[in-house]
Amino acid sequence: MPRSQALIGGEWVTTQATIEVEAPARGEAIARIARCQAEEVDAAVQAAGQAFSGQLGSWASWNARRRSEWLLAFAAAIEADHERLSALECADTGKPMTQARGDITACARYFRFYGGAADKLHGETIPFENDFAVMTLREPYGICAQIIPWNYPAQIFGRCVAAALAAGNTIVLKPAEDACLSVLRLAELALEQGLPPGVLNVVPGLGREAGAALAAHPGIDHLSFTGSPETGTLVTQAAAMHHVPVTMELGGKSPQILFGDADLGAALPFVVRGIIQNAGQTCSAGSRLLVQRDIAKEVLERLAERFETLLCDAGEADADCGPLINARQKAKLESRLEAARADGIRTLARGRLAEGAPSGGHFVVPQVLNDIPEGHEVLREELFGPVLAVQLFDDEAEALALANGTDFGLCAGIWTRDGGRQLRMAKGVRSGQVFVNNYGAAGGIELPFGGVGRSGYGREKGFEGLKSYTRIKTVAIRHG
Ligand code: NAI
Ligand code: MG
């Protein structure tokens with residue numbers, strides 16, 4: 001059974017109140033989690049500080065090689081627990097079982113990647129005056145606060161925790177109240193695997209309580225946040241009061257751009273997967289499809305055909321698409337879709353709910369919206385559901401203008417066989433990642449990831465992500 005406690009200083013701590021956790025496929029309670037308040041968050045920050053300074057446990061004495069070995073062993077422990085973790089992720093988030101399994105595999109890979117990198121991270125020497133030796137030390141920040149969302153709990157745990165630990169930090173992690181059972185199991189595994197007390201603290205709770213207390217805590221040294229731009233602003237403001245550096249990963253409205261010469265057979269499966277994966281609740285979802293007008297008829301026909309075959313069902317049924325995370329997200333999406341219809345936007349095609357799908361689930365079927373007036377909300381705002389918005393263009397310049405026509409800039413997919421155009425578009429698109437003739441690159445643990453504009457700033461994943469959990473100290477030695 002998942003723990004309904006917080007992990008503070010290596011101990012599982014019971015909180016006064018708990019929060020009921022529901023399975024989104026049925027709308028039924030499946031567990032309870034701790035509801036931490038400022039008091040528990042403070043205790044967790046104290047514990048992380050003591051672990052970092054060496055007052056608690058042995059972490060401060062671990063060198064890079066030892067951290068590397070631990071991270072690699074932990075990756076193996078995750079792999080050994082794969083089925084159990086996948087089942088938790090599937091039940092808790094509602095995502096199809098195959099996707100849940102892929103998430104756990106990705107989580108383990110983060111620990112392998114950063115385990116392999118931990119002892120290869122180093123500073124530099126710098127030529128300066130002749131009587132000086134100058135070097136940079138790449139140091140951990142200290143206590144990293146991590147506030148993560150519910151859409152990919154295990155993956156984002158891997159992304160943030162593996163990198164921060166590899167660099168030598170300690171952590172206070174606030175998982176999302178809507179889905180964190182896999183995170184609690186991962187934390188339990190980390191303790192079993194011998195992670196010293198206080199190195200990883202987990203404080204489940206509500207955003208406005210535990211999350212806000214963590215962001216505002218004067219004791220943290222770094223903060224990474226993944227979630228909505230609005231909450232990102234609040235968190236950044238709170239952290240700024242103590243000049244705490246932040247990494248913000250805030251979602252997107254990413255375009256998939258199909259030029260007339262694209263290999264449609266290769267592109268269309270990626271276009272579909274890019275929006276239905278995790279029921280569209282993915283920061284890097286390809287939620288806009290930009291199609292060159294001369295192939296629009298064929299593309300829309302083939303897309304409609306495919307969407308009409310898509311099935312929604314509970315995660316365990318492993319259909320194309322699971323439910324949304326909760327009733328609030330479903331109601332928000334449905335009211336936006338209603339407003340879109342009232343504005344004359346047409347639903348080109350839609351999937352359906354599987355017969356026998358549980359009642360009470362927060363299902364919204366995948367759908368394609370077409371004939372959308374320029375500048376409409378469905379082209380600008382993150383809908384966070386399996387809804388693809390189509391836009392047509394005539395030439396490269398227009399494609400680029402449309403691609404860059406939102407405040408977001410996280411990912412882009414460019415589909416063309418023309419090499420020059422691939423490069424011009426890749427350079428011109430305003431986003432943190434660009435995929436040419438592919439999209440998403442299977443998670444891309446090795447690939448730096450992050451946004452521009454309203455999608456946020458700072459980079460996670462890859463070696464770049466590891467560096468962002470360190471800071472540089474310059475040491476200038478005058479040796480005469
Ligand atoms: P949210 O941004 O409010 O929640 C993300 C995390 O922040 C959760 O752990 C939450 O507990 C915490 N949080 C909430 N309020 C906080 C506060 N005042 N101080 C500190 N932490 C706080 O996102 P929410 O409400 O769950 O979803 C709303 C929208 O956000 C979605 O429709 C989607 O557009 C976007 N979103 C984007 C994600 C991404 O991957 N970029 C992930 C989740 C949501
Ligand atoms: Mg849940």
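All values derive from a computational prediction rather than experimental measurement. Indexing begins at 1, ligand by ligand and atom by atom, following the structure's order.
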Open item on the list: So if I only count non-hydrogen atoms and take anything under 4.0 Å from ligand 1, which residues does that give, chain by chain?
Closed with: Ile147, Ile148, Pro149, Trp150, Asn151, Lys174, Pro175, Ala176, Glu177, Gly207, Gly211, Ala212, Phe225, Thr226, Gly227, Ser228, Thr231, Leu234, Val235, Glu249, Leu250, Gly251, Cys283, Arg328, Gln329, Lys332, Glu382, Phe384
Open item on the list: Would you call the rings of His222 and Tyr469 parallel, tilted or perpendicular, taking 30° and 60° as the class edges?
Closed with: tilted
- [ ] Assign the ring pair Trp70 / Phe111 to parallel, tilted or perpendicular, where the plane angle (0 to 90°) is split at 30° and 60°.
- [x] perpendicular
Open item on the list: With heavy-atom distances below 4.5 Å as the criterion, would you say the side chains of Arg159 and Lys461 are in contact?
Closed with: yes
Open item on the list: A quick test of your reading: do over 12 heavy atoms of other residues, nucleotides or ligands sit less than 6.0 Å from CD of Glu308?
Closed with: yes
Task: Donor-acceptor pair between His376 and Gln391 side chains, under 3.5 angstrom - done: no
Task: Residue that, paired with Met248, satisfies side-chain contact (heavy atoms from CB on, under 4.5 Å) out of Thr236, Thr231, Thr233 - done: Thr236
